[in-house]
Amino acid sequence: MSFINSSVTNGVGEIVLDRPKALNALDQSMIDDLYELLQQWGDDDAVETVLVTSANPRAFCAGGDIRAIRDHVLAGETAAVTRYFSSEYRLNQLIAEYPKPYIALIDGAAMGGGLGISVHGELRVVTENALIAMPETAIGFFPDVGATYFLPRLPEGVGLWLGLTGARLRGADAVAVGLATHFVPSDQLATVAGAIRSGAPLGEALADHREPVTSDLPLAKIAGYFQPGCTAASIVGGLRGDVGDAWAEDTLALLDAASPTSLAVTAALLEAGGQSTLEQCLERELHAAEQITRYPDFAEGVRAVLVDKDRNPSFIPPTLDGVDGALVSRIALS
Ligand code: QUE
């Protein structure tokens, strides 16, 4: 049973993600299959372009197989945890260095690991149904899959805002900040996909979709509150000072739902990632993933969000002022 379908026609290698019961969340077999297929296609003259799509109309890819990772952690199977993250991050690096055009069509949720198999590629086409986020701080984890590389390179403050709060972007906003490259209305996506599959040059298939799209993200506010190098505590302090501002209150609510230790680790990793190569970032992320999954916030966060779905985790410590700075440094290697 494979959750990846592939075909090659007209010089286009197409990968269709098809794990319907888990919104295409990437399990170990999907990561292994994707890596092997992409490596093969890299050297295959019959493949000029790689197209990644989803069989699920609601999701591109919801993330990683975080439930299975939690089970491994609780069973003390640390080798399986290391194997999962190291093969996922190796796949992210392969996509970033891919020798051929790599294009993802995102018409639904693309979160966490779903961004890892799209953002590093050359082209990301989104529709108004795209929902893009790095939501890991809510589960006691941190934005990985190369996010410590790509988030610090977004417009001022945006990466820190996305990584700490897990805020969800719609397609037009994803284009506005650079996480996506093209916006196509969902009712035209089949036409664009058909043109790509017929082997049309990508510039031609996407020619009608190059004009800027409108986004009403509050970029000035984001830049004001989420300045590079800020600690999570100083950001929360700034937001709390803005009493009565609805955006500041919504943002505080997101930060309040996150693991305080994850917030501190995320701020440290994004700060370091801004000065590092993707390869260095992924190496640092692997260490951080191995470490942070051993602390109770991870199993508890996954329990609250994905297993019991009560969305009421008991994180330890419960607030940022109790976070152990030495522990954060050990996880984030900073
Ligand atoms: C943070 C995450 C993930 C998440 C929710 C978070 C994640 C992930 C899923 C997910 C969602 C639906 C599924 C599934 C997994 O949710 O990585 O199997 O059916 O995969 O707040 O990092």
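All ligand and atom numbering here is 1-based and tracks the order in the structure.
- Numbered from 1 in the order shown, with element, the atoms of ligand 1 that lie under 4.0 Å from a heavy atom of Ile139 read 1 (C), 2 (C), 6 (C), 21 (O), 22 (O).
- Of all the listed residues (Ala62, Cys61, Gly63, Ala25), Ala62 holds the heavy atom that lies closest to atom 9 (C) of ligand 1.
- Only the side chain of Leu306 comes within 4.0 Å of ligand 1, judged by heavy-atom distances.
- To the nearest 0.5 Å, atom CZ of residue Phe315 and atom CG of residue Asp297 are 5.5 Å apart.
- Separation of atoms CZ (Phe60) and CE (Met111) is listed at 13.0 Å; rounding is to 0.5 Å.
- At a heavy-atom distance under 4.0 Å, atoms from both the backbone and the side chain of Ala22 approach ligand 1.
- Other residues, nucleotides and ligands contribute over 12 non-hydrogen atoms within 6.0 Å of the CD atom of Glu249.
- No side-chain N or O of Asn56 forms a donor-acceptor pair with one of Ser54 less than 3.5 Å apart.
- Cation-pi geometry between Arg70 and Phe298 is not met at under 6.0 angstrom from the ring centre and within 45 degrees of the axis.
- The existence of a salt bridge linking Asp245 and Lys221 is confirmed by a sub-4.0 Å separation between a basic side-chain nitrogen and an acidic carboxylate oxygen.
- Between Arg311 and ligand 1, no pair of N/O atoms sits closer than 3.5 Å.
- Near Glu136, meaning under 4.0 Å from one of its heavy atoms, ligand 1 places the atoms 22 (O).
- The Gly64 neighbourhood of ligand 1 comprises atoms 8 (C), 17 (O), 20 (O), with distances under 4.0 Å to a heavy atom of that residue.
- Ring-centre distance between Phe150 and His120: below the 6.0 Å cut-off.
- Aromatic ring orientation, Phe85 versus Tyr89: tilted (interplanar angle from 30° to 60°).
- Note: Trp247 and Phe226 have perpendicular aromatic rings, judged against thresholds of 30 and 60 degrees for the angle between ring planes.
- Counting heavy atoms closer than 4.0 Å to ligand 1, residue Met111 contributes nothing at all.
- Near Arg67, with a cut-off below 4.0 Å to any heavy atom, the atoms of ligand 1 are 13 (C), 14 (C), 18 (O), 19 (O).
- The shortest N or O to N or O distance between Val305 and ligand 1 is not under 3.5 Å.
- Contact analysis leaves Gly112 out of contact with ligand 1, as no non-hydrogen atom separation drops below 4.0 angstrom.
- Ligand 1 places these atoms under 4.0 Å from at least one heavy atom of Leu23: 12 (C).
- Looking only at heavy atoms of the protein, atom 21 (O) of ligand 1 is closest to Pro135 O, 3.4 Å.
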